[in-house]
Colleague: 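Sharing a structure with you now.
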Number of protein chains: 2
Amino acid sequence: MARNKYPEQTVDKILNVSSKLFTTKGYDQTSIQDILTELGMSKGAIYHHFKSKEDILDAVMAKHFEYSKELFQEALKKGDNARESLSYAFELLASHKGARELDHIIHSQIKNPQFVVKSLQKTIEESAPMVAKVLEDGNQDHSLSVQYPKETAEVIMLLLNIWINPILFIRSEGETVKRIEFLSYFLKQLGVDIISDSMIHNLNSIYSDIGGYK
Amino acid sequence: MARNKYPEQTVDKILNVSSKLFTTKGYDQTSIQDILTELGMSKGAIYHHFKSKEDILDAVMAKHFEYSKELFQEALKKGDNARESLSYAFELLASHKGARELDHIIHSQIKNPQFVVKSLQKTIEESAPMVAKVLEDGNQDHSLSVQYPKETAEVIMLLLNIWINPILFIRSEGETVKRIEFLSYFLKQLGVDIISDSMIHNLNSIYSDIGGYK
DNA sequence: TTAAACATACTGACGGTCGGTTTGTGAAAA
DNA sequence: TTTTCACAAACCGACCGTCAGTATGTTTAA
């Protein structure tokens, strides 16, 4: 089989299988051959579409972030003002439905230093600016009052992704609840009162399901 | 040469050379052979003392954290109360003298996902508890008033290590200054008023020297 | 017919293993 | 006290399997 009519489908297949293997086995522990075997393809195929293994990882990450970006933007459309919009968006991301999609990624981060670092960078470069914009909107429509919107946004996303998410650090359920409470508390101090009790409950039950607790 | 009288010296040599190579070339980019060549030793020697390449990395990290731990504990002895002690300790860590020791480590993190993740874990598991204890002391002697000492400590150390440190994210000098200001501001909100203007200035000039700015 | 889309055989480097060698050490024998 | 010797720690280096990446060929849509 050569000269496929729809090479984009091939690229998609490669990304899907790679994503699955990277997140289940870990990036280092997944060989190109593993991907090829599962795909029933050849090395020529993969190296025709991607220039290196890391190039595949980058594409996988980009795809996932693209998805959560759309999810987030969609949720932002709800609510009467910026504060409510942001609340909705977080609630959605924290809901089972939304989080499930990212389950296997989140869960496998500990095995994947590469994943952690890449997702850190994407968090700062892509997610945080979106949140920052909403915070600034909130300052405009007076639903929020945030002194450092850009920095606050980065810290929120950073803490959510690597501190509260119970993957990097094995801990008990209670500890995660306290972290979420802390985030809520300190966001209030900063004039961002968006985390509801139901959201704390939701977040915690998600993390509990994922199995990050000892 | 076999059956060296002082094997600890051999272990030390291995760790020193490994640390240097890991931090200059990156962990993945440093081969066991690179280490052996620089040491003038054999594979048998290295695999006699360490069970794997990652085992060497762990030992290197442990050694560095041991050093900064001692530095921190020493600084804590100064000051009339917990708040002042903590201020001193941060000031020391932020000073040129103290930070220089960690220069090459910090500077090379971007090349080293393994380094970032390991240092994240060490930060939470070792550094943060030390800071948390001081915060609690501060609650006792009424020099501080912190509602969530444990969580606050973790967030401080996390932000210092991976958010303010301009290694993971290339940025301009002004952006780092703003992050430090933000940290100072939000610590005050949390009842931890320990970051002085001179410290902000110091931190920034350090990061500037290291060359994390574009 | 041309170039994109694959296939296949191969290369070099790397982490780790393993059988073997050297030598410090502690205790028994002289 | 001195000598001897068994043992294990320290070290050597050839070798192996694996893996990312390459060189070169073959097929087929346009």
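A, B, ... follow the sequence lines: proteins, then strands. Residue 1 opens every chain.
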Colleague: Between A:Glu66 and A:Lys122, is a salt bridge (Lys or Arg N to Asp or Glu O under 4.0 Å) present by the stated rule, with each step listed?
Modeller: CA-CA 10 Å; A:Glu66 193 53 40; A:Lys122 288 248 174 207; over 6 Å; no
Colleague: Test the A:Lys150-B:Phe182 pair against the cation-pi criterion, namely NZ or CZ under 6.0 angstrom from the six-membered ring centroid and within 45° of the ring axis.
Modeller: no
Colleague: To the nearest Å, how far apart are B:Lys13 NZ and D:dC11 C1'?
Modeller: 13 Å
Colleague: Report yes if at least one side-chain N or O of B:His48 is closer than 4.0 Å to OP1 or OP2 of D:dA10; otherwise report no.
Modeller: yes
Colleague: Quick test: give all pairs of protein nitrogen or oxygen and nucleotides 14-18 of chain C nitrogen or oxygen below 3.5 Å, distance rounded to 0.1 Å.
Modeller:
residue : atom : partner : partner atom : Å
C:dG15  : OP1  : B:Thr30 : O            : 3.4
C:dG15  : OP1  : B:Lys53 : NZ           : 2.9
C:dG15  : OP2  : B:Ile32 : N            : 2.8
C:dG15  : N7   : B:Lys43 : NZ           : 3.1
C:dG16  : OP2  : B:Tyr47 : OH           : 2.9
C:dG16  : OP2  : B:Lys53 : N            : 2.9
C:dG16  : N7   : B:Lys43 : NZ           : 2.7
C:dG16  : O6   : B:Lys43 : NZ           : 2.3

Colleague: Using ring centroids (six-membered ring only for Trp), state whether B:Tyr185 and A:Tyr148 fall under 6.0 Å.
Modeller: yes
Colleague: Strictly below 4.0 Å: does B:His49 bring a side-chain N or O up to OP1 or OP2 of D:dC11?
Modeller: yes
Colleague: Could you tell me how far apart A:Leu36 (CG) and D:dT18 (P) are, to the nearest whole angstrom?
Modeller: 16 Å
Colleague: Give a yes or no on whether a salt bridge exists between A:Lys118 and A:Glu54, defined as a side-chain N under 4.0 angstrom from a carboxylate O.
Modeller: yes
Colleague: Could you tell me the separation between the CD atom of A:Gln9 and the P atom of C:dA5, rounded to a whole number of Å?
Modeller: 13 Å
Colleague: Using whole Å, report how far CD1 of B:Ile14 lies from C1' of D:dC12.
Modeller: 13 Å
Colleague: Cation-pi between A:Lys53 and A:Tyr27: NZ/CZ under 6.0 Å from ring centre and within 45° of the ring axis?
Modeller: yes
Colleague: Expressed as a whole number of angstroms, how long is the span from B:Met41:CE to C:dT21:P?
Modeller: 20 Å
Colleague: Does the pair B:Arg179 and A:Glu154 meet the rule for a salt bridge (Lys or Arg N to Asp or Glu O under 4.0 Å), with working shown?
Modeller: CA-CA 10 Å; B:Arg179 290 193 188 192; A:Glu154 292 189 5; 2.8 Å; yes
Colleague: List the atom of A:Leu144, the atom of A:Val192, and the distance in Å for their closest heavy-atom pair.
Modeller: CD2-CA, 4.0 Å
Colleague: Which whole-number value in Å describes the distance from B:Ile46 CD1 to D:dG13 C1'?
Modeller: 14 Å
Colleague: Go ahead and write out DNA chain C as dot-bracket, 5' to 3': ( ) for pairs within the strand, [ ] for ones crossing earlier pairs, | when the partner sits on another strand, dots for unpaired; Watson-Crick or G-U wobble, both distances under 3.5 Å.
Modeller: ||||||||||||||||||||||||||||||
Colleague: According to salt bridge (Lys or Arg N to Asp or Glu O under 4.0 Å), does anything in residues 28-43 of chain A pair up with another residue at least two apart or in another chain? List the pairs.
Modeller: A:Lys20-A:Glu38, A:Lys25-A:Asp34
Colleague: Counting the benzene-type ring for Trp, do A:Phe186 and B:Phe186 have ring centres under 6.0 Å apart?
Modeller: yes
Colleague: For a quick test of reading the model: is some side-chain N or O of A:Thr10 closer than 4.0 Å to OP1 or OP2 of C:dC6?
Modeller: yes
